[in-house]
Amino acid sequence: MPERTRGRRPRIVFVEPAETQVRALTTVQIAQLDAALSEIATDPSDVKPHATASALRDYQHSGVRVVFYATALGSILIITYVEVD
């Protein structure tokens, strides 16, 4: 039996504070963020829960931190915080 593949990747939206953070990034930092968002979108449930808010997920890898939550069906990821070193 063939291995089951996941459906479409979720749509990614940024809340206003995260949009402001993204606008301050350099081109290299944006490329790092894009790679991280692609990884997150592959399987958002695989990202560890945020330490203080169980609905939030906290992705941290290679100098990139993204705090987000997913809608109930997982079709939209709402990015609330972005940090790229």
Side-chain angles (χ1 to χ4, degrees):
M1 180 181 275
E3 187 174 312
R4 190 170 176 194
T5 59
R6 293 183 56 87
R8 289 179 39 178
R9 287 192 176 190
R11 180 174 164 222
I12 297 173
V13 294
F14 294 83
V15 296
E16 180 54 38
E19 282 182 7
T20 302
Q21 292 163 336
V22 170
R23 284 193 292 268
L25 298 177
T26 66
T27 305
V28 172
Q29 290 172 320
I30 289 173
Q32 290 176 285
L33 177 61
D34 284 344
L37 291 174
S38 291
E39 188 173 329
I40 291 167
T42 301
D43 191 3
S45 63
D46 205 26
V47 177
K48 73 175 184 160
H50 191 274
T52 60
S54 62
L56 293 175
R57 299 281 180 173
D58 192 348
Y59 173 90
Q60 295 181 42
H61 185 69
S62 299
V64 177
R65 181 175 184 205
V66 177
V67 178
F68 68 95
Y69 63 95
T71 58
L73 297 177
S75 60
I76 301 173
L77 297 181
I78 298 145
I79 310 299
T80 60
Y81 179 82
V82 172
E83 181 181 314
V84 183
D85 293 334

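The structure places CD1 of Ile78 at 12.0 Å from CZ of Phe14, a figure rounded to the nearest 0.5 Å. How far NE2 of His61 is from CD1 of Ile40: 11.0 Å, rounded to the nearest 0.5 Å.
Between Asp58 and Lys48, no side-chain nitrogen of the basic residue sits less than 4.0 Å from a carboxylate oxygen of the acidic one, so the salt-bridge criterion is not met.
Residues that satisfy the side-chain contact (heavy atoms from CB on, under 4.5 Å) test with Ser62, not counting sequence neighbours, are absent from this structure. With sequence neighbours excluded, the residues forming a side-chain contact (heavy atoms from CB on, under 4.5 Å) with Ala36 are Tyr59, Val64, listed by chain and number. Under the salt bridge (Lys or Arg N to Asp or Glu O under 4.0 Å) criterion, Glu83 pairs with no residue, sequence neighbours left out. Thr20 meets the side-chain contact (heavy atoms from CB on, under 4.5 Å) test with Glu16, Arg23; sequence neighbours excluded.
With Gln21 contributing its side chain and Val82 its backbone, the two residues share a donor-acceptor pair below 3.5 Å.
Of all the heavy atoms in Gln29 and Ala24, the pair that sits closest is OE1-O, 4.5 Å. When all heavy atoms are compared, the tightest approach of Ile79 to Ala18 is O-CB, 3.6 Å. Here the closest heavy-atom approach between residue Thr42 and residue Arg9 is recorded as OG1-NH2, 3.1 Å. Annotation for Val22 and Leu33: closest pair CG2-CD2, 3.8 Å, computed over non-hydrogen atoms.
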Expected list for residues 50-57: side-chain donor-acceptor pairs under 3.5 angstrom, two or more places apart:
unit_1: His50; atom_1: ND1; unit_2: Thr52; atom_2: N; d: 3.1
unit_1: His50; atom_1: ND1; unit_2: Thr52; atom_2: OG1; d: 3.2
unit_1: Arg57; atom_1: NH1; unit_2: Val47; atom_2: O; d: 2.6

Which donor-acceptor pairs under 3.5 Å do side chains of residues 67-76 form with protein atoms, sequence neighbours excluded?
unit_1: Thr71; atom_1: OG1; unit_2: Ser75; atom_2: N; d: 3.4
unit_1: Thr71; atom_1: OG1; unit_2: Ile76; atom_2: N; d: 3.2

Original post:
What's the verdict on side chain to side chain contact (heavy atoms under 4.5 Å, CB included) for Val66 and Leu37, showing C-alpha distance, side-chain angles and the deciding distance?
Top reply: CA-CA 8 Å; Val66 177; Leu37 291 174; 4.3 Å; yes
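In the hydrophobic cluster analysis, where Ile, Leu, Val, Met, Phe, Trp and Tyr join through side-chain heavy atoms closer than 4.5 angstrom, Val13 is grouped apart from Leu77.
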